[in-house]
Amino acid sequence: MWVEPGLHMDPFILSLALKACGLALSVSFGESLHGYSVKTDFINSVFVGSALMDMYMKIGKVEEGCIVFNEMPLRNVVSWTAIIAGLVRAGYNNEALAYFSDMWIQKVGCDSYTFASALKACADSCALNYGREIHCQTLKKGFIEVPFVANTLATMYNKCGKLDYGLRLFESMTKKDVVSWTTIIMSNVQTGQEGNAVKAFRRMRETDVSPNEFTFAAVISGCATLGRIEWGEQLHAHVLRLGLVDSLSVANSIMAMYSKCSHLDLASTVFQGLSRRDIISWSTMIAGKTEQKPLVDQLIKRDFMQKLLEMILVSAHSRDT
DNA sequence: AAGCTTGAGG
């Protein structure tokens, strides 16, 4: 790394630079900072070591991240949480829980961030018993009061099929934030209880917590299944007012809603107005058009397939470079 | 100084 003469590098700026590499997914720059850290011994700083490991986890080089972590001379609660969270993000839930157990054995204190990451590992791997143990610990240490810990815990119960526990936890929360409400709405939609999802959304509107793009995506898909196009239209207008249509998850759920309610024309209008489209946008439109029998639409469908193929090729190419 | 939770269709 080139440093302006007269300025000197320190662990603070180096860990910030590493964080930037992680955010920008800049592999080559990150690797040269790694080399620089080794040469200058800055790597022995717990801040630099943690940032370097986190950078590797964020750019998808999980093995390198683990190597950096295992070679760190000094680790603290942030280093441990970052490796656990990184493994969970990459889908290595069992490995993440193994690190969490190690951390426990080595008597490194856990905080709310650590519990949230470990609980997500349990949620994603349906490790209900381990999740229950962690639930006890969060109660003991008072972290259940931290909204994002309670939210992750509720998600863990919902994903493990224990919706009653998730619901009870949600109701007991004194501070329900946007994620708490969205989680309860989503869980209801995913388990075929769309009516309850809409009820929860209405309850939410009576609080001072504002819905975000996740909330709208969930409740709109609930309305789609219920066939309540009039509610869907109201939500569409709402989303337009808030400027949330730029979010693809919202736009896709609106298209799916119109499509399911037999208004393919409206779905098409939304689709045409999108400045960018992802695989869900395309497959939603294809699924909608496939429902229709006339030959003309089959031709349109073929056109869509062609474009879809092009898009897949483009994305495969950009992954290579 | 840093690490955390909600995700769409078939």
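The basis for the numbers below is simple: all heavy atoms, side chains too, and nothing from hydrogens, waters or symmetry mates. Chain identifiers are assigned alphabetically (A, B, ...) following the order of the sequence lines, protein sequences preceding nucleic acid strands; residue numbering begins at 1 within each chain.
The aromatic rings of F115(A) and F143(A) are tilted relative to each other, their planes meeting at an angle between 30° and 60°.
In summary, the side chains of S180(A) and D177(A) do present a donor paired with an acceptor at a separation below 3.5 Å, with no hydrogens or angles considered. S221(A) and S253(A) are not linked by any side-chain donor-acceptor pair at a separation below 3.5 angstrom, with hydrogens and angles left out of the test.
Residue K19(A) places at least one side-chain N or O under 4.0 Å from the OP1 or OP2 atom of dG3(B). Contact annotation: R89(A) side-chain N/O to dG3(B) OP1/OP2 distance is not under 4.0 Å.
Checked against a 6.0 Å centroid threshold, the rings of W282(A) and F271(A) count as neighbours. Under the 6.0 Å cut-off for aromatic ring centres, Y113(A) and F148(A) qualify, their centroids lying closer than that. The distance between the ring centers of W181(A) and F201(A) does not fall below 6.0 angstrom.
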Interface polar pairs with nucleotides 7-10 of chain B, N/O, under 3.5 angstrom:
residue, atom, partner, partner atom, Å
dA8(B), OP1, Q190(A), NE2, 3.2

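With dC4(B), dA1(B), dT5(B) as the candidates, the nucleotide lying closest to the side chain of S15(A) is dA1(B). Comparing dA2(B), dG3(B), dT6(B) by their nearest atom to the side chain of T183(A) picks out dT6(B).
Heavy-atom distances under 4.0 Å link DNA chain B to D111(A) of residues 96-112 of chain A, given in residue order.
Residue contacts shown for T182(A) include a base, since a base heavy atom lies under 4.0 Å away. Among the heavy atoms of the strands lying under 4.0 Å from T114(A) is at least one base atom, whether or not backbone atoms are also near.
In this structure, D124(A) pairs ionically with K159(A), as a charged nitrogen and a carboxylate oxygen lie closer than 4.0 Å.
Residues in residues 178-206 of chain A take part in these salt bridge (Lys or Arg N to Asp or Glu O under 4.0 Å) pairs, two or more places apart or across chains: E171(A)-R203(A).
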